[in-house]
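Every chain is numbered from 1 and lettered A, B, ... according to where its sequence line falls, protein lines coming before strand lines.
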Amino acid sequence: MTHLPPDPRLRRRNHQPPASGRFVLYWMQQAQRVEENPALALAIAEANRLGLPPVVGFALSDRYPEANRRHYTFMLEGLREVAAALADQGIRFVLRLGEPDRVVLELGRQAALIVCDRGYLRHQRRWRRAVGGGAQCPVVEVETDVVVPTGVASDKAEYAARTLRPKILRQMDRFLQPAGPPLRPVHPSLDLDIAGEDPADIPGLLDRLRLAGPVAAVSGWFTGGTGEARRRFQLFLNRSLDPYAAHAHQPQTDHVSMMSPYLHFGQISPVWLARRVREAECGPESRAAFLEELVVRRELAVNFVCHTPDYDAYDGLPDWARETLAAHAADTRPHLYTPAQLEAGQTHDPYWNAAMAEMRATGFMHNYMRMYWGKQVLAWSPSPREAFATLLALNNRYFLDGRDPNSYAGVAWIFGRHDRPWPERPVFGKVRAMTASGLRRKCDIEAYVRKVALRSAASP
DNA sequence: ATCGGCTCGCGCAA
DNA sequence: TGCGCGAAGCCGAT
């Protein structure tokens with residue numbers, strides 16, 4: 001493997017010598033797409049060089065943290081499309097039920113090389129460590145789901161967006177160069193005799209998985225898959241990119257890309273999205289604002305989970321934030337709600353209830369409302385620690401983009417992470433507060449409430 | 001309608 | 001060591 005190009009997106013996961021095998025295995029887990037997938041491209045190139053067919057393997061586990069029907073329907077819609085797109089190229093897609101590390105080590109016994117993509121949460125890292133340590137052939141990891149590879153951007157936990165921003169912007173250009181034309185496999189793998197599930201049988205697969213909770217699918221609002229992501233993004237470019245910057249705090253509009261569910265499952269490439277926006281005709285402010293969200297803040301969230309071992313724990317918050325929240329632990333809470341009352345959207349606040357209804361009905365929430373929604377849970381919970389737990393649970397249960405680095409960075413932001421102190425007030429202490437009067441001042445919040453009422457009434 | 005003050009700590013200039 | 005400034009705000013003064 002000494003021939004591997006010196007590409008900062010590549011990393012060897014073990015030091016096994018070259019092995020013989022029936023195929024080259026691309027273990028797809030994070031980057032659930034065929035287009036703009038550098039891990040798949042590397043697997044095809046290596047397969048051609050070795051004179052072997054490439055095979056794509058995917059492990060479907062119902063032990064994924066907080067897995068439910070909503071997430072899995074969306075993911076399986078995407079994987080069905082992946083299987084069909086791979087078949088068009090003569091590549092076999094092997095879907096197996098089970099824990100990813102075990103499934104991949106089993107499949108990998110017949111592989112000359114394993115290529116994997118890169119998710120950033122601790123269970124995804126654990127799977128890759130286990131595969132790297134257990135495989136009898138070389139394992140190469142490819143960074144697939146950020147623009148600037150994490151180690152190139154920064155090798156430490158960044159304090160805030162302002163400290164990461166210059167590092168990202170300095171490097172962005174070189175990682176937005178278009179890849180060459182997609183490589184075709186010389187040796188097709190469709191006829192290889194490898195057992196796997198039928199990825200097109202979504203109801204059958206869902207029935208066989210033990211999924212938590214009564215959280216319904218939201219296919220009426222969001223259908224999974226790269227084709228659907230591209231269609232939606234084209235609509236965004238046509239209609240919503242130009243007012244994007246001006247309407248960032250206008251949740252009554254739909255001038256947002258809604259790419260986060262597709263990015264979360266790797267169904268669309270952030271590099272491709274960034275290139276499209278750079279080429280788009282729009283005001284420079286909107287172009288910069290979108291790239292700020294897509295690249296700077298999204299990759300700040302990745303930096304956060306990579307360098308904060310307890311990214312999902314209250315104790316991982318900055319000292320100043322924990323200290324000020326502790327100093328206000330005994331403050332009177334004018335409103336207190338249980339997690340069940342919050343989940344049902346039964347509070348005194350119609351704006352908050354609308355946000356919760358949007359989340360339940362569609363699996364999505366406008367960014368500005370996500371902040372307001374989170375800040376109120378802090379205000380209405382018996383303690384910041386309980387608020388933190390409630391927010392993560394609701395986030396990961398209902399959002400299609402739950403359980404993403406952005407989920408953990410977003411919840412931590414509610415409690416002061418990546419933010420600065422502000423004037424001291426009850427309950428919040430020096431952590432930034434948001435209020436209903438602020439919503440009324442800054443946007444047409446009544447129009448947002450009406451929009452959500454229509455949507456949740458029409459909910460499938 | 002707009003403006004300033006509030007508050008902590010990082011990173012750069014000196 | 002000093003200083004400017006920051007992921008999305010609030011509030012009161014003008």
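- Of the candidate nucleotides dG11(B), dC11(C), dT7(B), dG11(B) has the atom nearest to the side chain of Thr163(A).
- Taking only side-chain atoms of Arg420(A), from C-beta outward, the nucleotide of dA7(C), dG9(C), dC10(C) with the closest atom is dG9(C).
- Taking only side-chain nitrogens and oxygens, Lys430(A) never comes nearer than 4.0 Å to OP1 or OP2 of dC6(B).
- Between Arg425(A) and dC11(C), a side-chain N or O to OP1/OP2 separation shorter than 4.0 Å is present.
- Nearest to the side-chain atoms of Trp413(A) among the listed nucleotides dC8(B), dC11(C), dA7(C) stands dA7(C).
- The distance between atom NZ of Lys375(A) and atom C1' of dG9(C), rounded to the nearest whole Å, is 9 Å.
- Across the protein-nucleic acid pair, Trp320(A) atom CH2 and dC10(B) atom P stand 12 Å apart, rounded to whole Å.
- dG4(C) and dA14(B) have their C1' atoms separated by 14 Å, given to the nearest Å.
- In the set dT7(B), dA7(C), dC10(C), dC10(C) carries the atom at the smallest distance from any side-chain atom of Met434(A).
- Here the side chains of Tyr368(A) and Leu439(A) are in contact, with some heavy-atom distance below 4.5 Å.
- Within the 4.0 angstrom heavy-atom criterion, only backbone atoms of the sugar-phosphate kind lie near Ala433(A); the bases stay farther away.
- Under the 3.5 Å distance criterion, with hydrogens and angles disregarded, no donor-acceptor pair is assigned to the side chains of Arg174(A) and Gln177(A).
- Between Asn395(A) and Tyr408(A), the side chains place no donor N or O within less than 3.5 Å of an acceptor N or O (distance only, hydrogens not considered).
- For the C1' atom pair drawn from dA7(C) and dT2(B), the interatomic distance equals 22 Å after rounding to whole Å.
- Side-chain proximity of Lys442(A) to the nucleotides dG9(C), dT7(B), dG9(B) is greatest for dG9(C).
- For His249(A), the side-chain atoms get nearest to dG9(C) when compared with the rest of dG9(C), dT7(B), dC10(C).
- The pair Glu36(A)-Arg275(A) meets the salt-bridge criterion, with a side-chain N (NZ, NE, NH1 or NH2) lying under 4.0 Å from an Asp/Glu carboxylate O.
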Check: With Watson-Crick and G-U wobble geometry limited to distances under 3.5 Å, how should the secondary structure of DNA chain B be encoded in dot-bracket form, using | for bases paired to another strand and [ ] for crossing pairs?
Finding: ||||||.||||||.
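- One P atom belongs to dG9(B), the other to dG9(C), and the distance between them is 22 Å to the nearest Å.
- Of the candidate nucleotides dC11(C), dA7(C), dG9(B), dC11(C) has the atom nearest to the side chain of Thr435(A).
- The distance between atom OH of Tyr408(A) and atom C1' of dA7(C), rounded to the nearest whole Å, is 20 Å.
- Straight-line distance from the CD atom of Glu424(A) to the C1' atom of dT7(B): 9 Å, rounded to whole Å.
- Distance, Leu169(A) CG to dA7(C) P: 12 Å, rounded to whole Å.
- If you take CG of Asp319(A) and C1' of dC10(B), they are 15 Å apart, rounded to a whole angstrom.
- For the pair Asn406(A) CG and dA7(C) P, the computed distance is 15 Å after rounding to whole Å.
- Glu424(A) and His328(A) share a donor-acceptor pair across their side chains, judged by distance under 3.5 Å alone.
- Looking at the side chain of Arg162(A), the nearest of the listed nucleotides dC6(B), dG6(C), dG11(B) is dG6(C).
- When heavy atoms are screened at a 4.0 angstrom cut-off, Arg165(A) is found touching the sugar-phosphate backbone but no base atom.
- A salt bridge links Arg33(A) to Asp145(A): at least one charged side-chain nitrogen sits closer than 4.0 Å to a carboxylate oxygen.
- Across dT7(B), dG11(B), dG9(B), the shortest atom-to-atom separation from the side chain of Lys156(A) is found for dG11(B).
- Two rings, from Trp127(A) and Trp27(A), have their centers 6.0 Å or more apart.
- Residue pairs meeting the salt bridge (Lys or Arg N to Asp or Glu O under 4.0 Å) criterion with at least one member in residues 331-346 of chain A, sequence neighbours excluded, are Glu343(A)-Arg397(A).
- Looking only at atom types and distance, the side chain of His264(A) has no donor-acceptor partner in the side chain of Asp401(A) under 3.5 Å away.
- Met371(A) comes within contact range of at least one nucleobase, with a heavy-atom separation under 4.0 Å.
- If you check every strand for non-hydrogen atoms under 4.0 Å, Glu293(A) touches a base.
- Rounded to whole Å, the distance from CZ on Arg170(A) to C1' on dG11(B) is 12 Å.
- The Tyr159(A) side chain lies nearest to dG9(B) when the options are dG9(B), dA7(C), dC11(C).
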